[in-house]
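Every heavy atom of this structure was used, including side-chain atoms; hydrogens, water molecules and symmetry mates were not. Not measured: the values here are computed from a predicted model.
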Amino acid sequence: MDRGDVGRARPRPMVVRVPVEPVEASAHAARRSLDFSLTWMWPRMRDLIAYDAALHTDARTAGGAAFAGRQPAELTEYAAAADRLRAGGRVNRLEFQGSVYEIARTRRLVRWGPDGPEGPRPSDVGTQDPARLHPLLDEDGRILPEPDG
């Protein structure tokens with residue numbers, strides 16, 4: 001540290017949150033996409049599963065001949081994270097390997113001014129909950145009954 005810097009405030013690094021997964025039409029589709037990444041894509045990107053492995057081979061099914069009957073511990077972690085995502089029903093937050101993955105809904109329009117996002121305007125009074133765009137689905141894409149209330 002230079003002596004000229006003593007007592008001077010250092011600028012804080014800007015934190016930018018970038019979506020890991022593409023924008024999906026529903027929260028269910030986003031969970032399925034994250035599950036696919038955890039079990040199929042990321043293990044291949046990190047050489048835990050060979051790229052030329054059979055298409056149905058993923059973190060849950062890898063083993064057997066490819067790994068002489070044992071699964072690498074890191075690959076088991078990927079499968080366990082994906083299982084936590086699926087087992088919890090509507091899991092919207094998953095912590096894995098020091099990162100937090102969140103399923104979030106965003107509005108289609110954000111008014112942005114010189115001081116950042118604008119707050120609600122008097123004409124924006126909304127007394128009605130937003131309409132459901134997509135039906136509730138289970139992990140395999142089957143439509144679930146609407147909850148009471």
Exercise for the section: May I ask you to test the Q97-E74 pair for a side-chain heavy-atom distance under 4.5 Å? Expected result: yes

Handout entry: Mutual orientation of the aromatic rings belonging to Y78 and F96 [parallel < 30°, tilted 30-60°, perpendicular > 60°]
Key = perpendicular

Completion exercise
Interatomic distance, CZ@R32 vs NE2@H28, rounded to 0.5 Å, equals 5.0 Å

Practice task
Measure from the ring center of Y51 to the ring center of W40 and say whether it is less than 6.0 Å.
Solution key: no

Handout entry: Transitive ILVMFWY side-chain link L48 to W42, under 4.5 Å
Key = yes

Exercise for the section: Give a yes or no on whether a salt bridge exists between D35 and R60, defined as a side-chain N under 4.0 angstrom from a carboxylate O. Expected result: yes

Handout entry: Closest heavy-atom pair and its distance - P43, S37
Key = CD-O, 3.6 Å

Exercise for the section: Output all residues satisfying side-chain hydrogen bond (donor to acceptor under 3.5 Å, both in side chains) with R44, sequence neighbours left out; order by chain, then residue number. Expected result: none

Practice task
Taking S33 for its side chain and A29 for its backbone only, find out whether a donor-acceptor pair lies under 3.5 Å.
Solution key: no

Handout entry: Nearest non-hydrogen partners of I49 and T39, listed with the distance
Key = CD1-O, 4.3 Å

Problem - Donor-acceptor under 3.5 Å (R84 side chain, E95 main chain) - result: yes

Problem - D140 vs R86 side-chain heavy atoms within contact, under 4.5 Å - result: yes

Practice task
Return the set of residues passing side chain to side chain contact (heavy atoms under 4.5 Å, CB included) with L144 (not counting sequence neighbours), or none when no residue passes.
Solution key: L136, D138

Fill in the blank from the handout: For V100, the other hydrophobic cluster members (4.5 Å side-chain criterion, sorted by chain and number) are none

Practice task
Kindly indicate whether the side chain of R31, heavy atoms from C-beta on, has any atom under 4.5 Å from the side chain of N92.
Solution key: yes

Exercise for the section: Check whether any side-chain heavy atom of R93 lies under 4.5 Å from a side-chain heavy atom of Y101, and answer yes or no. Expected result: no

Handout entry: Any L137 side-chain heavy atom under 4.5 Å of R142 side chain
Key = no

Practice task
Indicate yes or no: at least one non-hydrogen side-chain atom of L94 is less than 4.5 angstrom from one of L38.
Solution key: yes

